[in-house]
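Heads up: the structure comes next, in structure tokens.
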Amino acid sequence: MKQFKLLLLAFAVAPSLALAALNLPAPEVLVTKAATNRIALREVIMDLDLNISEMRDAVTFDKYFAILGELQKQANRMNMDAYYPQAVESLGLHMVSNGMRWLDLSKDPSEKVQYYASWMDADALGRLLSVAEYQIEIVKDPTALKKVSANIDSILPVIDAKSGNLPYIPAGFRRLQSDIAVNMLKGRAMTADENLFWVSQIKLSSAMSEYLDFMNQAIYSIAPANKAAGHAFLAQLLLLNQQATKLSDNTPAWLIAGLGDSTVETLLRMVRFEEPMTAQEFTTSLNSLATRQLQGMAQTWMAQEKIPSGKYSAKYLELTKILIEQTRSKGLAKESDDMAKWIGVTAAPVLAKEQKIEGEYLLTDNKGRKWHFTVATARENMLVAALSMEGGVVYKPFFNVAYNLQGTGFVASERYEDLDHDQNPPIKFSYDNGVMTVVDPFGRDGLSRLQGKKVQEFNDMWKTAVVGSPYAEGIYEGYIYPPTGKPFFARVIVTAFNGYTMGRIDSSVLTVDLNIGSKGNDGVIIMTSGRRIGSSWVQLRGNLTDKGMNAYLVVGGKGQAKTISTLKRVGK
């Protein structure tokens with residue numbers, strides 16, 4: 001027991017013995033002595049250098065290490081370098097090499113770390129790199145790792161200035177920061193401030209590429225169930241774009257391209273799954289894209305056969321307008337024009353359905369004359385219209401009906417584009433509060449304004465659409481009921497061409513080719529005749545049954561037949 005107590009006493013006294021071996025006055029006494037003259041300063045420097053090995057604890061070392069700055073001031077004032085070149089700097093390097101073992105990048109404040117680094121040379125910084133690598137191996141606490149990275153960040157200017165002939169040292173510190181940052185970003189949920197900090201700690205393109213690969217796995221997994229995650233991805237990609245301009249190595253073009261491609265994929269998936277986003281969020285993301293990526297996005301946007309409907313349609317149109325403006329501002333005039341034409345035509349049937357515009361209207365012009373106006377769906381992505389004078393022979397068919405992006409309502413013309421010198425007069429129409437208004441600037445009496453109400457609601461054949469239904473192609477026979485007049489016996493031939501149906505009504509009363517058709521693969525078939533000079537169009541719209549087809553005949557300017565036509569399938 002006595003020996004055990006003596007051992008405990010030895011351990012207790014050991015620090016006192018270590019301090020006793022330190023043959024130095026207090027730090028403030030040394031500073032006062034150093035200020036006396038050059039000889040006294042030299043003596044202080046030598047005394048400190050001789051006692052470095054006796055500074056055996058961090059507290060003692062830091063007390064004496066802290067006065068180096070004041071000694072350097074005195075040396076500068078006395079022009080000491082002229083007699084003893086870099087005396088204080090040499091002492092500082094000797095001291096910091098010994099005291100580095102007590103430097104803890106996970107705990108010490110940045111001011112202390114910066115002070116230590118200021119006395120190091122390239123070799124000492126290389127040893128500090130090894131210390132830092134060891135510390136991040138054993139430190140797992142996120143707060144401590146953040147402290148390590150912040151401390152490295154605070155001394156990077158010193159590292160860069162002092163490691164010119166050893167480039168692996170600054171690269172090594174940045175690699176440490178980047179590795180910590182990527183691991184943190186991959187591994188845990190963060191606050192906005194934490195996320196911003198860790199993105200700022202990615203200093204190498206290779207690390208950013210690794211993190212982008214990780215993000216892409218999640219981006220390509222965006223589905224209806226997790227579509228809201230796209231907002232976080234867009235925000236993160238913007239931060240990465242900003243950080244990419246600050247990387248220490250020259251940011252490779254493929255990395256910038258990769259960030260842009262990921263942004264495009266995120267935007268397209270969010271829109272495809274009808275995730276709302278603000279105009280600012282969408283515009284900001286588009287601004288981060290290269291011209292090539294913006295061009296590709298516009299082309300992909302236009303590759304859709306139909307646009308979202310319902311509540312998302314208004315948001316979709318808003319985003320499309322922004323994309324049109326962005327492509328034009330980047331010099332992509334053709335893509336901008338093509339997209340404007342595409343969205344006008346593609347949006348028309350969707351908005352017409354939402355506004356329940358399809359049907360027959362009885363209108364009155366400014367002279368009291370009666371007109372019939374017909375609006376009908378021709379296929380999933382096409383709307384047609386017709387205007388005819390009651391009791392007259394004036395028929396105006398419109399096969400190019402588009403939503404008016406520059407105003408409200410719709411714009412219609414006889415055909416899609418002016419490819420020749422034939423007349424192609426347009427009209428405008430809108431449906432508000434149950435009133436249809438048609439403006440016909442090319443009417444006989446100049447600017448004609450026609451107004452009226454719907455007199456006939458067309459049957460919505462799409463309500464019975466069933467994916468995977470038998471294909472519509474075949475030959476059908478039966479009596480067809482027209483909007484006016486007697487029913488007539490006819491043969492209807494339906495065939496397929498380029499993914500859409502087309503057909504013919506063949507009878508002694510009416511023979512007409514129906515060369516505008518729906519897909520016909522969902523139990524719904526809508527086929528419309530093409531443009532014929534001096535007459536309107538004819539449309540057959542029906543649902544397939546096990547035995548044939550139940551259909552209505554619609555004539556532009558006359559409306560839909562009141563009686564359904566039952567046609568029997570007689571051949572393939």
Side-chain angles (χ1 to χ4, degrees), residues 6-135 151 154-155 158-159 161-163 166 169:
L6 289 175
L7 184 60
L8 288 179
L9 179 62
F11 278 118
V13 174
S16 300
L17 294 175
L19 289 174
L22 186 64
N23 187 24
L24 280 175
E28 57 271 19
V29 175
L30 293 177
V31 172
T32 301
K33 177 181 177 181
T36 306
N37 52 53
R38 192 183 302 124
I39 295 176
L41 175 58
R42 173 63 173 164
E43 290 177 354
V44 169
I45 292 172
M46 294 177 66
D47 287 345
L48 282 169
D49 194 50
L50 288 172
N51 282 274
I52 290 174
S53 59
E54 302 301 328
M55 300 176 186
R56 299 176 184 175
D57 62 90
V59 175
T60 303
F61 175 81
D62 283 343
K63 286 196 304 181
Y64 288 98
F65 189 48
I67 69 173
L68 288 181
E70 185 60 34
L71 297 182
Q72 184 65 64
K73 292 179 183 178
Q74 298 295 347
N76 293 339
R77 180 177 63 84
M78 301 174 187
N79 193 23
M80 186 126 177
D81 278 353
Y83 301 92
Y84 306 104
Q86 297 187 329
V88 180
E89 288 90 337
S90 298
L91 172 63
L93 179 59
H94 192 185
M95 291 188 73
V96 79
S97 297
N98 184 71
M100 193 187 306
R101 52 183 164 163
W102 293 306
L103 188 63
D104 190 340
L105 297 180
S106 68
K107 296 178 181 179
D108 289 329
S110 296
E111 294 78 8
K112 178 178 179 180
V113 177
Q114 291 170 0
Y115 183 71
Y116 266 67
S118 68
W119 296 101
M120 295 181 183
D121 62 4
D123 289 335
L125 289 169
R127 293 195 294 276
L128 180 62
L129 174 60
S130 299
V131 171
E133 289 174 336
Y134 170 75
Q135 289 179 353
N151 275 329
S154 71
I155 61 175
V158 175
I159 295 171
K162 294 188 175 185
S163 304
L166 297 174
I169 295 175

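Sequential numbering from 1 along the given sequence is applied to the chain's residues.
Contact record, Y64 with M95: C-CE, 4.0 Å, taken as the closest heavy-atom pair. Closest approach of N23 to N51, counting heavy atoms only: N-OD1, 3.1 Å. Pairing each heavy atom of L48 with each of L91, the nearest pair is CD1-CD2, 3.8 Å. Here the closest non-hydrogen pair linking N151 and P109 is OD1-C, 3.8 Å. Looking at every heavy atom in both residues, T36 comes nearest to A40 through CB-CB, 4.1 Å. Between A75 and V88, the shortest heavy-atom distance links the atoms CB-CG2, 3.8 Å.
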Note to self: For a side-chain contact (heavy atoms from CB on, under 4.5 Å) check, start with the C-alpha distance between D121 and E89, then their side-chain angles and the critical distance, and finish with the verdict.
What the structure shows: CA-CA 10 Å; D121 62 4; E89 288 90 337; over 6 Å; no

Margin query: Walk me through whether L41 and L71 qualify under side-chain contact (heavy atoms from CB on, under 4.5 Å).
Written below: CA-CA 8 Å; L41 175 58; L71 297 182; 4.0 Å; yes

Margin query: Determine whether Q74 and R38 satisfy the following criterion, side-chain contact (heavy atoms from CB on, under 4.5 Å), listing intermediate values before the conclusion.
Written below: CA-CA 9 Å; Q74 298 295 347; R38 192 183 302 124; over 6 Å; no

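Using a 4.5 Å heavy-atom threshold, the side chains of L68 and V96 count as separate.
Here the side chain of D49 pairs no donor or acceptor atom with the backbone of I45 at under 3.5 angstrom. A donor-acceptor pair under 3.5 Å is absent between the side-chain atoms of D108 and the main chain of V113, judged by distance alone. A side-chain donor-acceptor contact under 3.5 Å links T32 to the backbone of E28. Using modelled atom types, one side-chain atom of K162 and one backbone atom of M120 make a donor-acceptor pair closer than 3.5 Å. Side-chain N or O atoms of R77 include one that pairs as donor or acceptor with a backbone N or O of A35 at under 3.5 Å.
In this structure, F61 and Y116 have tilted ring planes: the angle between them lies in the 30° to 60° band.
Sorted by first and then second residue, the ring pair (Phe, Tyr, Trp, His ring centres under 6.0 Å) pairs with a member in residues 68-100 form an empty list; sequence neighbours excluded.
Note that CD of Q135 is 4.5 Å distant from CG of L105, once rounded to the nearest 0.5 Å. Summarising the geometry, atom CH2 belonging to W119 is positioned 14.5 Å from atom CD belonging to Q114; distances are rounded to the nearest 0.5 Å. Expressed to the nearest 0.5 Å, how far CG of L30 lies from CD of E70 amounts to 12.0 Å. Taken from NZ in K112 to OG in S154, the straight-line distance is 13.0 Å, to the nearest 0.5 Å. The distance from atom CG of L125 to atom CD1 of I155, rounded to the nearest 0.5 Å, is 6.5 Å. Between the CD1 atom of I39 and the CE atom of M78 there is a distance of 10.5 Å, given to the nearest 0.5 Å.
There is no side-chain donor-acceptor pair under 3.5 Å between Y115 and D62.
Residues satisfying the side chain to side chain donor-acceptor pair (under 3.5 Å) criterion with E43, sequence neighbours excluded, are K33.
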